[in-house]
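The sequence lines fix the lettering, A, B, ..., with proteins before strands; numbering per chain opens at 1. Computed over heavy atoms, backbone and side chain alike; hydrogens, waters and symmetry mates excluded.
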There are 2 protein chains.
Amino acid sequence: MEVEGLRARKKRARLEAFVDATHRLAAEQGLERVTVEAICAEVGVSVRTFFNYFESKDDAVLGMEHWRLDPAVGDRFAAGGPTGHLLTDMQALITSALDHPPLGKERMERAFELAKDHPEVMLRAYTHLQGLTDELGGLVRRRFGDAADESTVALVGTLLLALAHATFVRWDTAGGDGDVQDHLPSVVAELTAIVAPRA
Amino acid sequence: MEVEGLRARKKRARLEAFVDATHRLAAEQGLERVTVEAICAEVGVSVRTFFNYFESKDDAVLGMEHWRLDPAVGDRFAAGGPTGHLLTDMQALITSALDHPPLGKERMERAFELAKDHPEVMLRAYTHLQGLTDELGGLVRRRFGDAADESTVALVGTLLLALAHATFVRWDTAGGDGDVQDHLPSVVAELTAIVAPRA
DNA sequence: TGAATTATTGCAGAGCGTGCAGAGTTGTCC
DNA sequence: GGACAACTCTGCACGCTCTGCAATAATTCA
């Protein structure tokens with residue numbers, strides 16, 4: 001099972017075709033004017049097929065199916081690493097995730113540009129990342145054992161989403177140059193300044 | 001214009017009737033089985049009227065139209081108060097907001113119970129609170145003047161939502177006793193512990 | 001009471017999303 | 001290569017959410 005079969009290759013190609021067609025049409029006429037029917041006409045498949053690939057129209061903008069954490073990075077986090085300081089270790093998690101977008105950096109960035117102006121899409125992204133948060137919840141429980149009650153887990157998860165979102169915003173206001181995750185440290189610094197202004 | 005006219009009273013009563021009918025039906029048969037048509041049959045009005053009151057079905061669960069901050073509290077925040085410590089002053093803002101739910105405490109709590117199990121509803125709540133975040137953005141700019149760049153504003157807003165959400169979760173895991181905002185301090189304490197474990 | 005304002009309603013229709021069943025592809029095993 | 005299983009695509013019918021429009025009914029105010 002080293003090489004992808006024809007089936008898997010076709011599936012991936014079609015997925016990307018859907019996402020790219022959606023982005024192209026949205027750039028031309030604005031996302032609100034893009035219908036699923038139009039996307040399918042562009043790709044050359046039936047509407048029914050679209051919904052075999054995505055649960056909703058917004059998912060075609062995001063193109064993210066399951067954005068998994070790197071298991072090695074997750075294990076290190078669960079074991080209390082890499083540094084032992086929770087906030088720092090959360091950064092490692094986010095950086096790792098932003099480093100491996102399922103469909104490539106360009107599509108992720110285009111998706112964010114669209115999500116910026118379309119709350120439904122941004123919220124849909126939150127839903128997807130919520131899955132990642134659940135995965136994170138497991139890691140937090142492994143890391144803290146019985147010391148972790150549910151609301152701690154929830155807080156860490158929400159905080160992680162907030163950091164990721166703020167990082168995107170900062171990357172965007174900085175002109176969209178370089179990698180998104182490069183802006184994470186300054187966001188964390190700012191958070192620290194807000195929470196504990198004088199250490 | 002001291003006393004509400006018949007018109008305003010009827011409107012409010014109908015709004016509450018919609019919300020209560022939605023909650024009742026959701027309790028009976030599960031939210032996913034509740035259609036707008038059923039809600040309207042329960043209330044005794046046409047479906048079209050429903051959409052004169054709410055933009056979406058989920059809004060009838062939440063029953064929040066515009067959840068405004070108390071202007072006096074907002075002004076004090078913008079002026080750098082009440083304590084001068086940003087995180088503490090954010091708490092004052094959240095407490096004030098949670099203290100004055102537009103349709104009463106009971107409905108807010110029932111709405112949260114439903115939102116807990118229904119991501120779309122929770123996300124819809126985020127959308128509404130986003131408006132509050134925009135209002136907060138204005139306050140943050142007034143508070144910091146030119147020192148506040150856009151990503152700072154975004155981070156504070158997102159952090160505020162995260163705190164409010166985590167507070168609800170904690171209130172819920174604590175059994176739903178007392179006021180929601182009573183659990184905010186412990187959430188903030190936990191956040192502080194995460195960000196700056198040893199001061 | 002009469003005129004202006006505002007709310008309610010039905011209707012027609014666009015768009016999203018799902019279940020189903022038949023037809024077409026791909027993978028596997030001999 | 002052939003046969004069978006597994007998966008994918010497609011059209012169709014349908015339910016549901018939500019909007020625009022224009023007619024009707026109810027409140028307000030003078």
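Of the charged side-chain nitrogens involved, none lies within less than 4.0 Å of a carboxylate oxygen, so that B:Lys57 and B:Glu120 do not count as a salt-bridged pair. With respect to A:Asp75 and A:Arg142, a salt bridge is recorded, a charged nitrogen being found less than 4.0 Å from a carboxylate O. Of the charged side-chain nitrogens involved, at least one lies within less than 4.0 Å of a carboxylate oxygen, so that B:Lys116 and B:Glu113 count as a salt-bridged pair. The pair A:Asp20-A:Arg107 meets the salt-bridge criterion, since a charged nitrogen lies less than 4.0 angstrom from a carboxylate oxygen. For A:Glu16 and A:Arg12, the salt-bridge test passes: some basic side-chain N is under 4.0 Å from an acidic carboxylate O.
In this structure, the helix from C:dT1-D:dA30 to C:dC30-D:dG1 shows an angle of 30° between the axis at its start and the axis at its end, each fitted on 5 base pairs and rounded to 10°.
With hydrogens and angles ignored, the 3.5 Å screen pairs no side-chain donor or acceptor of B:Asp179 with any backbone N or O of B:Gln181.
Taking only side-chain nitrogens and oxygens, B:Lys57 never comes nearer than 4.0 Å to OP1 or OP2 of D:dC18. Between C:dA7 and B:Lys11, a contact under 4.0 Å exists linking OP1 or OP2 to a side-chain N or O. Taking only side-chain nitrogens and oxygens, A:Arg7 never comes nearer than 4.0 Å to OP1 or OP2 of D:dA6.
Whole-Å rounding puts the B:Arg14 CZ to C:dA7 C1' distance at 9 Å. Residue B:Phe54 contributes atom CZ, which lies 12 Å from atom P of C:dT8 at whole-angstrom precision. Note: CZ (A:Arg9) to P (C:dT25) measures 17 Å, nearest angstrom. Taking atom CZ on A:Arg12 and atom P on D:dT8, their separation rounds to 16 Å, with Å as the unit.
Using a 4.5 Å heavy-atom cutoff, the side chains of A:Leu191 and A:Leu159 are in contact.
Taking a 4.0 Å limit (strictly below) on heavy-atom distances, residues 24-53 of chain B reaches DNA chain C at B:Val45, B:Ser46, B:Arg48, B:Thr49, B:Asn52, B:Tyr53.
Under the 3.5 Å distance criterion, with hydrogens and angles disregarded, a donor-acceptor pair is assigned to the side chains of A:His128 and A:Asp59.
How far CG of A:Leu15 is from NZ of A:Lys10: 15.0 Å, rounded to the nearest 0.5 Å.
When each of B:Lys10 and B:Asp58 is assigned the nucleotide of DNA chain D with its nearest heavy atom, B:Asp58 is the one assigned upstream, toward the 5' end.
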